[in-house]
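In this chain, residues are counted from 1 in sequence order. Quick caveat: nothing in here was measured; it's all calculated off a predicted structure.
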Amino acid sequence: MKIIKKYSKEIEKEDAHGGSGSRKLYIEDNEFSTIQGMTYGWLPIGNKYAWHNHEDIDEIMFVIKGTGIVKDEDGEYRYESGDVFMYPANIFHEIYNDGNLESEFVFVRIHNTK
(Lines give C-alpha, C1' and ligand atoms only; values in the text may rest on other atoms or scores of the structure.)
Protein backbone atom coordinates (compact mmCIF):
# COMPACT_ATOMS: atom_id res chain seq x y z
CA MET A 1 0.00 0.00 0.00
CA LYS A 2 1.48 3.34 -1.05
CA ILE A 3 -1.24 5.46 0.53
CA ILE A 4 -1.30 6.17 4.24
CA LYS A 5 -4.33 5.19 6.32
CA LYS A 6 -4.93 6.10 9.94
CA TYR A 7 -7.71 4.62 12.01
CA SER A 8 -9.76 7.17 13.97
CA LYS A 9 -10.27 4.71 16.82
CA GLU A 10 -6.49 4.53 17.30
CA ILE A 11 -6.01 8.31 17.56
CA GLU A 12 -6.38 9.60 21.12
CA LYS A 13 -8.72 12.48 21.89
CA GLU A 14 -6.88 15.27 23.74
CA ASP A 15 -7.61 18.66 25.28
CA ALA A 16 -7.42 21.66 22.94
CA HIS A 17 -6.86 25.32 23.77
CA GLY A 18 -6.37 24.79 27.47
CA GLY A 19 -9.25 22.34 27.82
CA SER A 20 -12.01 24.57 26.44
CA GLY A 21 -12.52 21.97 23.73
CA SER A 22 -10.95 18.76 22.51
CA ARG A 23 -9.43 17.34 19.33
CA LYS A 24 -7.88 14.40 17.55
CA LEU A 25 -4.61 15.16 15.75
CA TYR A 26 -4.78 13.24 12.47
CA ILE A 27 -1.68 14.70 10.78
CA GLU A 28 1.29 15.92 12.84
CA ASP A 29 3.79 18.63 11.92
CA ASN A 30 6.11 17.66 9.04
CA GLU A 31 4.44 14.26 8.67
CA PHE A 32 3.06 15.11 5.24
CA SER A 33 4.56 17.75 2.94
CA THR A 34 3.78 21.33 4.03
CA ILE A 35 0.93 20.34 6.35
CA GLN A 36 1.59 21.51 9.92
CA GLY A 37 -1.37 19.56 11.25
CA MET A 38 -4.89 18.30 10.66
CA THR A 39 -7.29 17.98 13.57
CA TYR A 40 -10.90 17.10 14.21
CA GLY A 41 -12.12 19.42 16.95
CA TRP A 42 -15.04 19.56 19.34
CA LEU A 43 -16.24 22.74 21.08
CA PRO A 44 -18.91 22.30 23.77
CA ILE A 45 -21.86 24.68 24.13
CA GLY A 46 -20.81 27.98 25.69
CA ASN A 47 -17.07 27.34 25.27
CA LYS A 48 -14.53 29.06 23.05
CA TYR A 49 -11.15 28.62 21.49
CA ALA A 50 -9.89 31.91 22.96
CA TRP A 51 -7.88 34.55 21.07
CA HIS A 52 -4.88 32.94 19.42
CA ASN A 53 -2.92 32.93 16.21
CA HIS A 54 -0.69 30.48 14.39
CA GLU A 55 2.74 31.94 13.78
CA ASP A 56 3.66 31.48 10.11
CA ILE A 57 0.84 28.92 9.73
CA ASP A 58 -2.27 29.33 7.54
CA GLU A 59 -5.34 27.56 8.89
CA ILE A 60 -8.49 26.28 7.19
CA MET A 61 -11.56 25.46 9.29
CA PHE A 62 -14.47 23.39 7.95
CA VAL A 63 -17.58 23.36 10.15
CA ILE A 64 -19.04 19.86 10.43
CA LYS A 65 -21.73 20.57 13.02
CA GLY A 66 -23.00 23.45 15.15
CA THR A 67 -23.39 27.20 15.11
CA GLY A 68 -21.49 30.04 16.69
CA ILE A 69 -19.28 33.05 16.17
CA VAL A 70 -15.82 33.51 14.71
CA LYS A 71 -14.06 36.74 15.65
CA ASP A 72 -11.03 38.52 14.28
CA GLU A 73 -9.69 42.01 14.80
CA ASP A 74 -12.18 43.39 12.24
CA GLY A 75 -15.43 41.86 13.46
CA GLU A 76 -17.65 38.87 14.16
CA TYR A 77 -18.93 36.28 11.69
CA ARG A 78 -21.56 33.58 12.22
CA TYR A 79 -20.66 29.98 11.46
CA GLU A 80 -22.89 27.00 10.72
CA SER A 81 -22.50 23.51 9.29
CA GLY A 82 -20.80 23.48 5.90
CA ASP A 83 -19.04 26.85 6.29
CA VAL A 84 -15.32 27.23 5.62
CA PHE A 85 -13.07 29.85 7.21
CA MET A 86 -9.50 30.58 6.11
CA TYR A 87 -7.22 32.22 8.66
CA PRO A 88 -4.05 33.69 7.16
CA ALA A 89 -0.85 33.22 9.16
CA ASN A 90 -0.39 35.45 12.22
CA ILE A 91 -4.04 36.65 12.31
CA PHE A 92 -5.57 36.51 15.79
CA HIS A 93 -8.97 34.84 15.94
CA GLU A 94 -11.46 33.28 18.36
CA ILE A 95 -14.20 30.68 17.91
CA TYR A 96 -17.21 30.71 20.27
CA ASN A 97 -20.02 28.15 20.41
CA ASP A 98 -23.23 30.03 21.24
CA GLY A 99 -25.44 27.33 19.73
CA ASN A 100 -27.51 24.57 21.30
CA LEU A 101 -25.21 21.62 20.53
CA GLU A 102 -21.51 20.79 20.57
CA SER A 103 -19.73 22.15 17.49
CA GLU A 104 -17.43 19.95 15.41
CA PHE A 105 -14.75 21.10 12.99
CA VAL A 106 -11.93 19.89 10.78
CA PHE A 107 -8.83 22.13 10.91
CA VAL A 108 -5.95 21.96 8.44
CA ARG A 109 -2.85 24.01 9.21
CA ILE A 110 -0.32 24.70 6.44
CA HIS A 111 3.20 26.14 6.76
CA ASN A 112 3.16 29.60 5.19
CA THR A 113 6.17 29.91 2.92
CA LYS A 114 5.66 33.55 1.90
Side-chain angles (χ1 to χ4, degrees):
M1 177 189 272
K2 294 188 188 298
I3 62 173
I4 299 165
K5 179 179 181 181
K6 293 186 176 185
Y7 296 90
S8 179
K9 64 185 174 189
E10 295 176 359
I11 299 171
E12 296 292 322
K13 196 173 186 180
E14 60 189 28
D15 286 344
H17 292 273
S20 62
S22 56
R23 71 180 187 179
K24 283 188 172 189
L25 181 60
Y26 283 88
I27 300 173
E28 297 183 36
D29 193 10
N30 295 314
E31 182 179 8
F32 193 74
S33 189
T34 60
I35 303 296
Q36 190 274 336
M38 180 181 145
T39 59
Y40 194 110
W42 293 265
L43 188 59
I45 299 166
N47 283 19
K48 68 172 90 172
Y49 297 139
W51 282 104
H52 67 283
N53 73 346
H54 304 280
E55 190 172 332
D56 299 327
I57 302 291
D58 296 319
E59 182 177 51
I60 300 166
M61 177 182 90
F62 179 72
V63 182
I64 302 292
K65 182 171 85 172
T67 59
I69 300 169
V70 168
K71 296 180 183 178
D72 69 9
E73 295 163 347
D74 293 335
E76 297 184 0
Y77 319 95
R78 298 288 313 163
Y79 73 77
E80 62 182 49
S81 298
D83 289 347
V84 172
F85 287 82
M86 294 172 278
Y87 308 101
N90 309 310
I91 298 297
F92 279 89
H93 55 282
E94 178 177 87
I95 305 163
Y96 174 64
N97 179 350
D98 70 349
N100 59 4
L101 54 96
E102 184 173 56
S103 292
E104 297 181 22
F105 313 92
V106 170
F107 296 96
V108 177
R109 292 179 306 281
I110 304 160
H111 288 283
N112 183 298
T113 57
K114 292 181 184 177

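Around the CZ atom of Phe32, the shell of radius 6.0 Å holds no more than 12 heavy atoms that belong to other residues, nucleotides or ligands.
The residues Lys65 and Glu80 are annotated as not salt-bridged, no charged nitrogen and carboxylate oxygen being separated by less than 4.0 angstrom. Residues Asp98 and Arg78 are paired through a salt bridge, judged by an N-O separation under 4.0 Å between the basic side chain and the carboxylate. One finds a salt bridge joining Glu14 and Arg23 here, because a Lys/Arg side-chain nitrogen approaches an Asp/Glu carboxylate oxygen to under 4.0 Å.
If you chain together hydrophobic residues whose side chains sit under 4.5 Å apart, Ile27 and Ile60 fall into the same group. In terms of hydrophobic clustering, with Ile, Leu, Val, Met, Phe, Trp and Tyr side chains grouped at heavy-atom distances under 4.5 Å, Ile4 and Leu25 are assigned to different clusters. By the rule that hydrophobic residues join a cluster once side-chain heavy atoms approach within less than 4.5 Å of another member, Tyr77 and Val63 end up as members of one cluster. Taken together through direct or relayed side-chain contacts under 4.5 Å among Ile, Leu, Val, Met, Phe, Trp and Tyr, Tyr96 and Leu101 form parts of separate hydrophobic clusters. Residue Tyr87 is not grouped with residue Phe92 when hydrophobic side chains (ILVMFWY) are merged at heavy-atom distances under 4.5 angstrom, including chains of intermediate members.
Exactly one residue among Thr39, Val84, Ile95 makes a side chain to side chain contact (heavy atoms under 4.5 Å, CB included) with Met61. That residue is Ile95.
To the nearest 0.5 Å, the span separating OG on Ser22 from CD on Glu104 amounts to 9.0 Å. Atom CD of Glu94 is separated from atom CD of Glu73 by 12.0 Å, given to the nearest 0.5 angstrom. The line from NZ of Lys24 to NZ of Lys9 is 10.5 Å long, rounded to the nearest 0.5 Å.
Under the salt bridge (Lys or Arg N to Asp or Glu O under 4.0 Å) criterion, Glu10 pairs with no residue at all, not counting sequence neighbours.
Closest approach of Ser103 and Gly66 over heavy atoms only: OG-CA, 3.7 Å. Considering all non-hydrogen atoms of both residues, Ser20 and Leu43 come closest at O-CD1, 3.7 Å. Contact between Ser81 and Ile64 at its shortest, heavy atoms only, is OG-O, 3.3 Å. Across all their heavy atoms, Gly21 and Pro44 have their closest contact at CA-CD, 4.0 Å.
Using a 4.5 Å heavy-atom threshold, the side chains of Val70 and Glu76 count as separate. Residues Asp56 and Asn90 have side chains in contact (heavy-atom distance under 4.5 Å, counting atoms from C-beta outward). Within the 4.5 Å cutoff, no side-chain heavy atoms of Asn97 are placed close to those of Asn47. Under the 4.5 Å side-chain criterion, counting only non-hydrogen atoms from C-beta, His111 is in contact with Asp29. Annotation: side chain of Ile11 is not in contact with side chain of Ser8 (no heavy-atom distance under 4.5 Å).
Between Phe85 and Tyr79, the angle of the ring planes goes over 60°, which puts this pair in the perpendicular group of the 30/60° scheme. The aromatic rings of Tyr40 and Trp42 sit tilted, their planes meeting at an angle between 30° and 60°. Between Tyr49 and Phe107, the ring planes are perpendicular. Angles over 60° get that label, and only those under 30° would be called parallel.
For Asn30 (side chain) and Ser33 (main-chain N/O), no donor-acceptor pair under 3.5 Å exists by modelled atom type.
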Q: Test side chain to side chain contact (heavy atoms under 4.5 Å, CB included) on Ile57 and Ile110 and set out the steps.
A: CA-CA 5 Å; Ile57 302 291; Ile110 304 160; 5.9 Å; no

(Q) Run Val108 and Gln36 through side chain to side chain contact (heavy atoms under 4.5 Å, CB included) and show every step you take. (A) CA-CA 8 Å; Val108 177; Gln36 190 274 336; over 6 Å; no

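The distance between the ring centers of His93 and His54 falls below 6.0 angstrom.
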